[in-house]
Amino acid sequence: MGRRIVVTGVAGFVGSNLAKHLLDRGYAVVGLDDLSAGTFENVDERVEFHQADIRDSKIYPLLNGVDAVFHLAAKSSLTDCLAQPLEAAQVNTVGTLNMLEASRQARVRKFVYADTSAEYEGITEFPTREATVCPIGVYAASKHGGAAFCESYRRLYGMNITVLRYFNVFGPAQDWRRVIPPVMCSFIVRMLSGERPVIYGTGEKRRDFIYVDDVNDLHMAVLENPASEGKVLNAGTGANLSVNEVYRLVEEQLQTGLAPLYKPDLPGEAEITLADITESKKIGWSPQMDVREGLRRSICYLREHVLKQEAVSRHRASSDRRFASTGSGSAD
Ligand SMILES: NC(=O)c1ccc[n+]([C@@H]2O[C@H](COP(=O)([O-])OP(=O)(O)OC[C@H]3O[C@@H](n4cnc5c(N)ncnc54)[C@H](O)[C@@H]3O)[C@@H](O)[C@H]2O)c1
């Protein structure tokens, strides 16, 4: 395998972590993102960055001379997908098709698609194997559309494609700015700010949480091991935690004394996710991160990045107010 890799969604949570991981291992990374959800500050300065939409024909020349594509760009918020189903399908399904077609024309040697455990929404077999899916929500259906085109291109053109079904990935650079952020960073940010964490429903829903470095390692295994060709692989740990247990683990580290605030359940979320990782282990990978240590690192990141930034913006806002109150307004 050569050394020039495209990462789409490079300004997002998983994409930015993956890009750093690849760069640290000597790969050259071409990063694509339209910055609709991700932020430029997430992008490592060593990335050759292109602000581009994965649906655009302008991306085609960027794939020349590329050895592998990790296709992570997506509309990834469930609530946004519900609110804008056509946009979700256009980005997650048609955008994936455009990346596949561009990769086929450029003869890219490996294509890796970031699929989701939401594909298993209607499945009640736990731990869940890769063989059967039952997407229900708009997000799941739109990602399923992307996976269906991966399978189509694999069969039609013999492309070397691997589909990774991520479970709940957590770690640094997770998108804490969302209206409803992912549960771990939501708890951490609120509790560090002295606010009670919000739990939707009873808190007994269970999720298979996987630390982002373990997902990075799985990407590397997929890149390096030819046995991954044509496979669909679960990216989970094979263990799960309830939302209430997550709260207790965060509280164990932060010692805030803040009790959770329970709000009505959010519609369309699975009760349980739990990965069967037998197939993923066959390519020489297994998750390594202890959840407490993963949380500790996430807390460090959020302390450093979020709270410092908030303090700066609060300071700026109060300076702006002081400026305005002096009556020295701008000339326009
Ligand atoms: N984070 C998880 O727990 C998780 C779980 C399952 C699957 N996934 C999948 O993994 C991938 C990465 O997830 P994430 O958590 O990093 O999401 P994210 O939202 O942080 O990153 C996605 C990135 O894609 C970019 N993007 C969106 N539309 C685009 C477009 N039209 N053109 C170019 N860029 C566009 C966004 O700006 C963002 O930076 C997604 O495909 C998601 O569906 C993530």
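Just so you know, ligand 1 is whichever comes first in the structure, and atom 1 is the first atom listed for that ligand. Just so you know, these numbers come straight off a predicted model, no measurement behind them.
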Practice item. Please indicate whether any nitrogen or oxygen in Tyr139 is less than 3.5 Å from any nitrogen or oxygen in ligand 1. Key: yes
Practice item. Would you tell me whether Asp290 and Tyr211 have side-chain atoms, one donor and one acceptor, within less than 3.5 Å of each other? Key: no
Review point. Does any donor atom in the side chain of Thr256 or Arg190 lie under 3.5 Å from an acceptor atom in the other side chain?
Key: no
Review point. Taking atom types as modelled, is there a side-chain donor on Ser103 or Glu101 under 3.5 Å from an acceptor on the other?
Key: no
Exercise for review: List every atom of ligand 1 that sits less than 4.0 Å from any heavy atom of Ala73, numbering the atoms from 1 in the order shown and giving each element.
Suggested key: 24 (O), 34 (N), 35 (C)
Review point. Regarding Asp208 and Thr237, is there a side-chain donor-to-acceptor distance under 3.5 Å anywhere?
Key: yes
Check your understanding: Nearest heavy atom to atom 27 (C) of ligand 1: which of Ser142, Ser16, Ala74, Ala37 does it belong to?
Key -> Ala74
Exercise for review: State the atoms of ligand 1, each with its element, that fall below the 4.0 Å cut-off from a heavy-atom position in Arg178.
Suggested key: 19 (O)
Check your understanding: Relative to atom 26 (N) of ligand 1, which among Asp34, Val10, Thr273 owns the nearest non-hydrogen atom?
Key -> Asp34
Practice item. Could you list which atoms of ligand 1 come closer than 4.0 Å to a heavy atom of Ser76? Key: 17 (O), 18 (P), 19 (O)
Check your understanding: Looking just at side-chain N and O atoms, do Thr278 and Asp276 make a donor-acceptor pair shorter than 3.5 Å?
Key -> yes
Study note, to complete from the structure: Here the atoms of ligand 1 under 4.0 Å from any heavy atom belonging to Ala114 are 10 (O), 11 (C), 41 (O)
Exercise for review: Measure the acute angle between the ring planes of His219 and Phe70, then classify it against the limits of 30° and 60° as parallel, tilted or perpendicular.
Suggested key: perpendicular
Practice item. Can you sort out which atoms of ligand 1 are near Leu35, meaning under 4.0 Å from one of its heavy atoms? Key: 37 (O)
Exercise for review: With heavy atoms of Lys143 as the reference, note each atom of ligand 1 found under 4.0 Å away.
Suggested key: 40 (C), 41 (O), 42 (C), 43 (O)
Check your understanding: Hey, is ligand 1 close enough to Val14 that some N/O pair sits below 3.5 Å?
Key -> yes
Exercise for review: Classify the angle between the aromatic ring planes of Tyr157 and Tyr153 as parallel (below 30°), tilted (30 to 60°) or perpendicular (above 60°).
Suggested key: perpendicular
Review point. Atom 4 (C) of ligand 1: which of Tyr166, Tyr113, Phe70, Phe40 has the nearest heavy atom?
Key: Tyr166
Check your understanding: How about Tyr113 and Phe149: are their ring centres within less than 6.0 Å of each other?
Key -> no
Point to revise | side chain to side chain donor-acceptor pair (under 3.5 Å), paired with Thr162, selected from Lys110, Lys231, Glu229 | key: Lys110
Review point. Just which atoms of ligand 1 are under 4.0 Å from any heavy atom in Gly9?
Key: 23 (C), 24 (O)
Check your understanding: Quick one: does ligand 1 sit under 4.0 Å from the side chain of Phe167, the backbone, both or neither, non-hydrogen atoms only?
Key -> backbone
Check your understanding: Purely on distance, is any nitrogen or oxygen of Val91 under 3.5 Å from one on ligand 1?
Key -> no
Review point. Looking only at protein heavy atoms, which one is nearest to atom 25 (C) of ligand 1, and how far off is it?
Key: Asp33 OD1, 3.3 Å
**Study point:** Atoms in ligand 1 flagged as close to Ala52, the criterion being non-hydrogen separation under 4.0 Å
**Key:** 32 (N), 33 (C)
Check your understanding: Would Tyr120 and Glu125 count as having a side-chain donor-acceptor pair, cut-off 3.5 Å?
Key -> no
